[in-house]
> 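Attaching a single structure in structure tokens format; questions to follow.
Order of listing sets the numbers, starting from 1, for every ligand and every atom in it. Note that the numbering runs from 1 along the sequence shown for the chain. Below, all heavy atoms of this structure are taken into account, side chains as well, without hydrogens, waters or symmetry copies.
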Amino acid sequence: MAATKDGLGQVPADFLFVAQGINAKRQIDYLSEFPGYRRLIQPAMKFNRKQYNDEILIQLYRNLLRPRMIEEKMLILLRQNKISKWFSGIGQEAVAVGLTMALEEDEYILPMHRNLGVFTTRQLPLDKLICQWQGTPGGYTRGRDRSFHFGTNDYHIVGMISHLGPQNGVADGIALASKLRGEKKVTAVFNGDGGTSEGDFHEALNVAAVWDLPVLFIVENNGYGLSTPSSEQFRCKSFADKGIGYGMDGISIDGNNILEVYDTLRSLSEEIRENPRPVLIECRTFRMRGHEEASGIKYVPKELLESWAKKDPIDNYERYLLKQGVIDKAFVKSVRDSIKEEIEQALQIAFRESHPVAVTETELADVYAPHQQEVIDPADDHTTERRFIDAISDGLRQSMERFDNLVLMGQDIAEYGGVFKITEGFVERFGKQRVRNTPLCESAIVGAGLGLSIKGMKSMVEMQFADFVTEGFNQIVNNLAKTHWRWGQCADVVIRMPTGAGTAAGPFHSQSNEAWFFHTPGLKIVYPSNPYDAKGLLCAAIEDPNPYLYFEHKFLYRSIAEPIPDTYYTVEIGKAKIVREGTDLSIVTYGMGVHWVREILEQMPGVDAEVIDLRTLLPWDKETVASSVKKTSRVLVLHEDTLTGGIGAEIAAWIGEHLFKYLDAPARRIASLDTPIPFAPTLEQNFLPKGRLKGAIEDLMKF
Ligand SMILES: Cc1ncc(C[n+]2csc(CCOP(=O)(O)OP(=O)(O)O)c2C)c(N)n1
């Protein structure tokens, strides 16, 4: 032990290093106080080839070398300003390569931004990868997304979205599909140590533990999250310790030792294919370059870099193989020459391409997965009087019968039947595998929905209340909504949203939040106002491979009923319904609005209003609205959601833009007050637009 010059106290002599400026000095302070610091300085590497033959050892070597040589070439090209920057995996290759070699080819891997080794080991064509990085048409997203932000089912890889953590929930879904089908397959998902601070990481581990999902949760502990050192990111000594909290095994391995990574993950995978369960694996490694190439690394103490440079995964392994006589220097040269040649050829192909020519129609067309709805009529005339809530339940049950790949997920939806009892009796009928109680993990569950759809399954996720969708918001707007447009993968998920006010349930159980999603390309939104549409729209949404938000108004659940067909049927998506014909003005609305308008118009016998129930909010039926407005020349858009930035704003603006010459008055909106929803019934009624509706109609008629 020795005292440091800068008064940091006693630290082991081998941890002393020379600070490089103020940042490095601060870093020393943090690190030396932090118990995990010792773990950042690593002992030398010891290889053990165990039962592995020369062929495997050489394959590991080649696969390790390829991403390194590609990146070295990219560094040169970056300096020549020929490529854009990326996130370097130099020094960490053994984790990606070891894991990929340990898995079977058709087992899914969900890599992060530093895992080039996953892509190269799975043998994706290098020229196509380079096109992807360059944003050119030959890339996996055809210029729509950058770096490793893509997936390919051909290679069983699902790339990240920038938000890091959401990958874990998607991995759960893929693993769930494999497990439900008895495939005996493992799914592996990568995390940086920084990303583990996200709630998504926690949620997904928890779900995987509760459901015994065969997922390898890999944490690449490389010391930093951007510039933030481990000491400011987490307090655990080892990520392996976190496994205990989730009730899963956690292990920590030397992530720079390719044989240790390969051997550990191979035997673990073999075991969990037979006995599905998640395992948390910390791979200790180090980020040898800046967060992204060109961003620098000044804040990393020199000593740490030097210590880890000695542990370089490739140098050490190469030396080991030479010493063991598995390879010789001539072999090293020939492997390097062939990889070099491969890189040059790929670059030549990739550099022939330039940025894509933008075709607006194609950009718009790819937002949704192709789906031509065939509206299904009821098979016979038999009907039964059903309440709104029973109609939803009926649609769900018949969809479960129709699609044996449909899985329902939600809090308390199994034996308990859901808080509103929509899935009552479903467990007895369809079993617990398909009717799944979930932990309180909205984000992981929506992510799991995407994972299921990657494996060709359908899912329905029940939000206990629409308000709680905030917890799954990111997965919906960034993952479900964008995946098809980015890399052609559909998100076959319907999210049921018990919504709306009128039950004096306060600001967090009564919100209308459809406008949050209305703004997001890639989603579809339906919002029925009666039992017939409730069943038909739900069935139609489940048929469609695109992601849906299905809003169901809680106030309507038990307050309205009508005879609806007993057999399966669907209602046309994107088609509004004229619920009352008239010539004086058009009232465009949906959900509760339809009922409010009916009630108020009964008090206004002199007004001959045409009432349009939109039914689908995204995409909304412009044609029906336009022909009505052309006929009446006056229009009022009504919704329960708050006014500013609501759906009415968009509809009124569109009418103003396209139908101006037909209008005798401005397109008007009426909506709830721009406040949160109050609890007390008197305040709630004041908040809602119903009380102001009559006045708004009168004003518009007078204009
Ligand atoms: C939700 C979110 N917050 C912030 C960022 C910006 N960001 C990108 S990578 C990164 C650091 C990630 O660190 P870590 O998970 O340890 O991975 P590493 O880069 O070290 O491999 C940050 C902060 C982001 N992409 N997503």
> Ignoring hydrogens and geometry beyond distance, is a side-chain donor-acceptor pair present between Ser443 and Asp200 at under 3.5 Å?
yes
> For Gly194, is at least one N or O under 3.5 Å away from an N or O on ligand 1?
yes
> Indicate yes or no: does an N/O atom of Glu198 lie under 3.5 Å from an N/O atom of ligand 1?
no
> Among pairs that include at least one residue of residues 186-211, which meet ring pair (Phe, Tyr, Trp, His ring centres under 6.0 Å), considering only residues two or more places apart or in two chains?
His202-Tyr246
> Does a side-chain N-to-carboxylate-O contact under 4.0 Å join Arg66 and Glu342?
yes
> Strictly less than 4.0 Å: does any protein heavy-atom distance to atom 20 (O) of ligand 1 fall in that range?
yes
> Does the protein come close to atom 11 (C) of ligand 1 - that is, does one of its heavy atoms sit below 4.0 Å from that atom?
yes
> Pairs of nitrogen or oxygen atoms closer than 3.5 Å, one from Gly225 and one from ligand 1: do any exist?
no
> Should you measure from each heavy atom of Gly195, which atoms of ligand 1 turn up under 4.0 Å away?
14 (P), 15 (O)
> Taking heavy atoms and a distance under 4.0 Å, where does Met112 meet ligand 1: side chain, backbone, both or neither?
neither
> Side chains of residues 96-103: which donor-acceptor partners sit under 3.5 Å, not counting sequence neighbours?
| from | atom 1 | to | atom 2 | distance (Å) |
| --- | --- | --- | --- | --- |
| Thr100 | OG1 | Ala96 | O | 2.6 |

> Can you tell me which residue and heavy atom of the protein come closest to atom 23 (C) of ligand 1, and the distance to 0.1 Å?
Leu226 CD1, 4.2 Å
> Does one side chain, of Asn222 or Thr285, offer a donor that lies under 3.5 Å from an acceptor on the other?
no
> Taking atom types as modelled and ignoring hydrogens, do the side chains of Ser88 and Glu71 form a donor-acceptor contact shorter than 3.5 angstrom?
yes
> Would you say Arg114 has any N or O atom under 3.5 Å from an N or O of ligand 1, going by distance alone?
yes
> Both conditions, 6.0 Å and 45 degrees, for the charged tip of Lys524 above the ring of Tyr368: are they met here?
yes
> Right, does atom 5 (C) of ligand 1 have protein non-hydrogen atoms nearer than 4.0 Å?
no
> At a 4.0 Å cut-off, with the gap strictly under it, does some heavy atom of Glu220 reach an atom of ligand 1?
no
> Does ligand 1 have an atom that lies less than 4.0 angstrom from a heavy atom of Gln233?
no
> Heavy-atom distances under 4.0 Å decide this one: backbone, side chain, both or neither, for Tyr224 against ligand 1?
backbone
> For Phe47, does its backbone N or O pair with a side-chain atom of Tyr317 as donor and acceptor, under 3.5 Å?
no
> Looking only at side-chain N and O atoms, does Gln233 offer a donor or acceptor that is under 3.5 Å from a partner on Ser197?
yes
